[in-house]
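All values derive from a computational prediction rather than experimental measurement. Hydrogens, waters and symmetry mates play no part in the numbers below; they use all other heavy atoms, side chains included.
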Amino acid sequence: MPVVSEPTVDDWCEIASIVASPKVPIVVQFATQACELCPDASQRINRLMDTHHFEWHHMDATISDLAEELNVTKLPAVLVFHSVAKYRLYQQLRGDDVNRVIDAECEKRLVLDADF
């Protein structure tokens with residue numbers, strides 16, 4: 001089960017260009033080169049971009065000030081940002097956790113298949 005936290009952030013400067021008024025949720029994936037589970041999380045997020053409305057950003061947790069301020073300690077981690085007042089951090093994501101997070105936090109796209 002992922003670790004869910006709602007820390008308080010005072011400085012959004014790392015993502016300041018997108019946090020002002022996002023039109024869709026911002027999904028920030030925190031990862032490192034050494035994280036063995038991070039590539040799977042990236043692949044899942046990439047696939048979910050076809051089925052859900054969100055903007056995806058990737059940050060190296062070892063050099064990110066935001067990761068430090070959020071106290072990201074368990075990777076893979078995903079921050080889902082709706083606004084400065086509404087955001088949630090999910091850490092230690094395993095298996096289908098990424099899918100469940102995106103399903104819960106992001107609106108689904110209308111996907112019409114070829115048979116429609």
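Of the possible donor and acceptor atoms, none in the side chain of Q92 sits under 3.5 Å from a partner among the backbone N and O of K74. Side-chain N or O atoms of S64 include none that pairs as donor or acceptor with a backbone N or O of D60 at under 3.5 Å.
To the nearest 0.5 Å, the span separating NE2 on H58 from CZ on F30 amounts to 10.0 Å. Taken to the nearest 0.5 Å, the CD1 atom of I26 stands 4.0 Å off from the CD atom of E55. In this structure, CG on L75 lies 9.0 Å from CD on Q29, to the nearest 0.5 angstrom. A distance of 10.0 Å separates CG of L79 from CD of Q91, quoted to the nearest 0.5 Å. Taken to the nearest 0.5 Å, the CG atom of L66 stands 12.0 Å off from the NE2 atom of H57. Atom CG of L48 is separated from atom CD of Q43 by 12.0 Å, given to the nearest 0.5 angstrom.
For the residue pair H52/E105, the side-chain donor-acceptor check at 3.5 Å is not satisfied.
The pair R100-D103 fails the salt-bridge criterion, with no side-chain N (NZ, NE, NH1 or NH2) lying under 4.0 Å from an Asp/Glu carboxylate O.
Across A31 and C38, no two heavy atoms sit closer than the pair CB-SG, 3.5 Å. Closest heavy-atom contact between H53 and K108: CD2-O, 3.7 Å. Closest approach of W56 and S42 over heavy atoms only: CH2-O, 3.4 Å.
Taking the side-chain hydrogen bond (donor to acceptor under 3.5 Å, both in side chains) definition, one finds that D96 meets it with R44, sequence neighbours left out. For the disulfide bond (SG atoms under 2.5 Å apart) test, no residue two or more places apart in sequence or in another chain qualifies with C106.
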Requested in this report: Determine, stepwise, if the pair Y90 / D97 fulfils side-chain contact (heavy atoms from CB on, under 4.5 Å).
Outcome: CA-CA 9 Å; Y90 298 86; D97 289 344; over 6 Å; no
Query raised in the report: Is there a side-chain contact (heavy atoms from CB on, under 4.5 Å) between F81 and V28 once you walk through the steps?
Result: CA-CA 8 Å; F81 180 91; V28 180; 5.6 Å; no
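Of the candidates N99, V98, D40, I45 forms a side-chain contact (heavy atoms from CB on, under 4.5 Å) with just one, namely V98.
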